[in-house]
Amino acid sequence: MTTLSTFRELNGIECGKAVRARIAEAAARVKSKRGHAPHLAAVLVGDDPASQTYVGSKVKACEEVGFRSSLLKRPADIAEADLLRLVDQLNNDPQVDGFIVQLPLPKHINEERITLAIAPGKDVDGFHPQNLGRMLLGLPGYLPATPNGIVELLKHYEVPTEGKHCVVVGRSNIVGTPMAILMSRNANPGNCTVTIAHSRTKDLPAITRQADILIVAIGKPNFITADMVKQGAVVVDVGIHRVDDATRKKGYRICGDVDFDAVAPNSAWITPVPGGVGPMTVTSLLLNTLKAAEN
Ligand code: GUN
C-alpha cells in the first residue's frame with residue numbers, strides 16, 4: 001500500500017510574519033503613547049558562531065517591527081562579577097524594557113547565577129524561576145520563548161490539541177519541561193495528556209509512536225526516524241544542527257532532531273528546519289518585549 005504525502009507545514013516564517021505584523025502595530029501605539037519604541041537589549045558573551053547568528057536574528061527582528069535594540073558584546077573571558085554588574089545596570093536602566101543574556105555562557109560563568117540576577121520584570125526570555133513559577137500557576141508573566149513560540153504556531157494553524165496525547169522528547173529547563181506544562185494547561189492550545197520522554201526513557205520508539213503531537217527537543221540530528229512516528233501525527237522539531245554535506249556548496253546543511261524527509265510523509269503537520277520553530281522563538285521574544293513595554 002502506498003501512502004499519499006498530504007502533510008502540511010507548520011511554517012514559522014509565515015506564522016511569524018502574521019504575528020509580527022500585529023506586534024509592529026502595537027509597537028507603533030506604544031511609541032506614540034510614551035514617546036519611545038519598545039527596547040530589547042541582548043548580551044552576547046564570546047564569539048560562538050551559532051549564538052552570533054541567533055542574536056543577529058533577534059536584533060534584525062526588532063528592527064523589522066520598529067523596536068529599538070541594543071547588542072552588548074563582551075569577550076569570552078569576561079569575569080562573572082563583571083557580567084553580573086552589566087545585568088544589574090540593565091535591570092536598572094529605565095530605557096531598557098527587557099533584555100536577554102544569550103546562552104550558553106563560557107564554562108567559568110555560572111549560568112544559573114546570571115539567570116537569577118535578571119530582574120523578573122525584564123526577563124523576556126522567561127527563564128527566571130519567578131516567571132517559570134508564574135507559568136506553572138497560570139499567572140501573568142513572561143513565557144519561555146521557544147515553548148510559547150510553538151504554542152503560537154499551533155494556534156495560528158488551528159491544530160486541535162484538546163484531549164490529544166502530546167509526547168515531549170527532552171526535559172531541559174528552557175524547552176522540554178515548560179513545553180510539557182503549556183501543553184497540559186487548561187487552555188487552547190493545551191488540554192493535552194502529556195508524556196515527557198528523555199535520555200533514560202525505556203523503549204523510546206514505543207512512547208513516541210503513541211504521540212498525536214510529538215515535540216522533539218533532544219539536540220541530536222535526525223534522531224526521530226519514520227518508525228518512531230504514528231501515521232497522521234503532528235510533529236514539532238526544536239532541533240537545529242549543521243551536518244556535513246559534500247553535495248552542498250557550503251559543505252553542510254541544516255537539519256533538525258527529526259529526519260524530515262522520512263517522517264514528513266506520515267505526518268499531518270510538521271515543522272521544517274530551518275523555518276519552523278526558530279523564527280517563532282524570535283517572534284515570542286518580541287511578544288514578551290512588547291508586553292514589557294506595555295507594562
Ligand atoms: N540559547 C538557545 N536558545 C536561547 C534562548 O531562547 N535564549 C537565550 N538567552 N539563549 C538561548
Side-chain angles (χ1 to χ4, degrees), residues 12 16 19 40-62 67 69-74 76 78 80 83-84 86-87 90-91 96-107 109-120 122-132 135 141-153 168 170-179 182 215-221 236-242 254 256-257 271 273-274 276-292:
V19 178
L40 172 75
V43 179
L44 177 61
V45 178
D47 39 33
D48 173 60
S51 291
Q52 283 177 341
T53 305
Y54 297 146
V55 172
S57 63
K58 291 169 185 179
V59 167
K60 188 164 161 264
C62 281
F67 285 10
S69 66
S70 301
L71 175 55
L72 305 163
K73 287 188 185 176
R74 294 296 181 270
I78 186 175
E80 187 181 282
L83 188 55
L84 284 167
L86 178 59
V87 166
L90 291 167
N91 283 341
V96 172
D97 293 301
F99 67 98
I100 62 161
V101 178
Q102 187 67 23
L103 305 178
L105 290 168
K107 295 271 176 288
I109 295 175
N110 183 327
E111 282 184 0
E112 197 176 285
R113 211 171 283 145
I114 302 298
T115 303
L116 284 169
I118 297 174
K122 291 198 176 185
D123 167 42
V124 286
D125 258 331
F127 291 172
H128 191 281
Q130 197 177 112
N131 283 315
L132 289 170
M135 176 192 68
Y142 300 114
L143 296 172
T146 298
N148 189 45
I150 293 169
V151 167
E152 289 289 333
L153 199 54
V168 179
R171 56 178 162 184
S172 72
N173 290 342
I174 66 174
V175 184
T177 299
M179 190 74 244
L182 290 180
I215 302 178
V216 190
I218 193 83
K220 294 181 183 163
V236 176
D237 187 352
V238 180
I240 182 147
H241 313 276
R242 256 186 201 191
I254 303 294
D257 290 352
T271 56
V273 176
V277 172
M280 291 312 298
T281 297
V282 180
T283 301
S284 194
L285 180 66
L286 298 175
L287 281 170
N288 278 346
T289 306
L290 175 65
K291 197 187 271 185

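In listed order, ligands and their atoms are each counted from 1.
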Enquirer: Which protein residues have a heavy atom under 4.0 Å from ligand 1?
Expert: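 The 4.0 Å shell around ligand 1 contains Lys58, Val101, Gln102, Leu103, Asp125, Phe127.
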Enquirer: Would you call Glu152 and Leu287 a side-chain contact if the rule is heavy atoms closer than 4.5 Å?
Expert: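 The answer is yes; the side chains approach within 4.5 Å.
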Enquirer: Are any non-hydrogen side-chain atoms of Met280 and Ile150 less than 4.5 angstrom apart?
Expert: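 Not touching, per the 4.5 Å side-chain cut-off.
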Enquirer: Going by heavy atoms in the side chains, are Val151 and Leu143 under 4.5 Å from each other?
Expert: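 No, every pair of side-chain atoms sits at 4.5 Å or beyond.
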Enquirer: I want to check something: taking the side chain as every heavy atom from C-beta on, are Ile118 and Phe127 in contact at a cut-off of under 4.5 Å?
Expert: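 They are not in side-chain contact.
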Enquirer: More than 12 non-hydrogen atoms from neighbouring residues, nucleotides or ligands closer than 6.0 Å to CD on Glu112, yes or no?
Expert: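 No, the 6.0 Å shell around CD holds no more than 12 heavy atoms from other groups.
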Enquirer: I want to check something: taking the side chain as every heavy atom from C-beta on, are Val43 and Leu90 in contact at a cut-off of under 4.5 Å?
Expert: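 Yes. Closest side-chain heavy atoms under 4.5 Å.
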